[in-house]
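If you read the sequence from its start, that first residue is 1, and numbering goes on from there. As the structure is a computational prediction, the values presented were derived from the model and not from experiment. Excluded from the calculations below are hydrogen atoms, water molecules and symmetry mates; all remaining heavy atoms, backbone and side chain alike, are included.
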Amino acid sequence: CYFRIDDADGKTVFETTVLATSQREKTTVTLDARTSKQPWKLYRRGIGFVKWNGNAEGLTLSPTPE
């Protein structure tokens with residue numbers, strides 16, 4: 001599964017693959033509003049799961065036509 005996170009300016013702040021050819025079972029990322037502009041966009045290609053573990057009040061994930 002391919003994951004990429006872009007900030008509000010379109011700059012990629014995180015990019016990786018999990019399983020498949022990478023043999024990586026999991027990955028983690030810390031998003032910091034002091035270093036990258038919100039909102040962030042998560043792109044996922046393939047079968048993969050997202051787990052939120054943070055102190056924010058909430059997280060919104062939704063599909064887009066992009």
Note to self: I'd like to know if Lys11 pairs up with Asp9 as an ion pair, taking the criterion as any Lys NZ or Arg NE/NH1/NH2 lying under 4.0 Å from an Asp or Glu carboxylate oxygen.
What the structure shows: no
Next item on the list: Mind checking salt bridge (Lys or Arg N to Asp or Glu O under 4.0 Å) for Arg44 and listing every partner two or more places apart, or none if nothing turns up?
Entry: none
Notebook entry, point to check: Is Lys37 salt-bridged to Asp7, cutoff N-O under 4.0 Å?
Noted result: no
Next item on the list: Check whether Ile5 and Tyr2 end up in the same hydrophobic cluster, where Ile, Leu, Val, Met, Phe, Trp and Tyr are linked by side-chain heavy atoms less than 4.5 Å apart.
Entry: no
Next item on the list: List in chain and number order the residues that pass side-chain contact (heavy atoms from CB on, under 4.5 Å) with Thr27, two or more places apart in sequence or in another chain; answer none if no residue qualifies.
Entry: Phe14, Thr16, Val18, Arg24
Margin query: Is there a path of hydrophobic side-chain contacts, each under 4.5 Å between heavy atoms, that joins Ile47 and Val50?
Written below: no
Check: Short question: side chain of Thr35, backbone of Asp32 - any donor-acceptor pair under 3.5 Å?
Finding: yes
Checklist line | Side chains of Arg45 and Tyr43 in contact at under 4.5 Å (non-hydrogen atoms) | finding: no
Notebook entry, point to check: What are the two closest non-hydrogen atoms of Ala33 and Gln38, and how far apart are they?
Noted result: CB-NE2, 2.9 Å
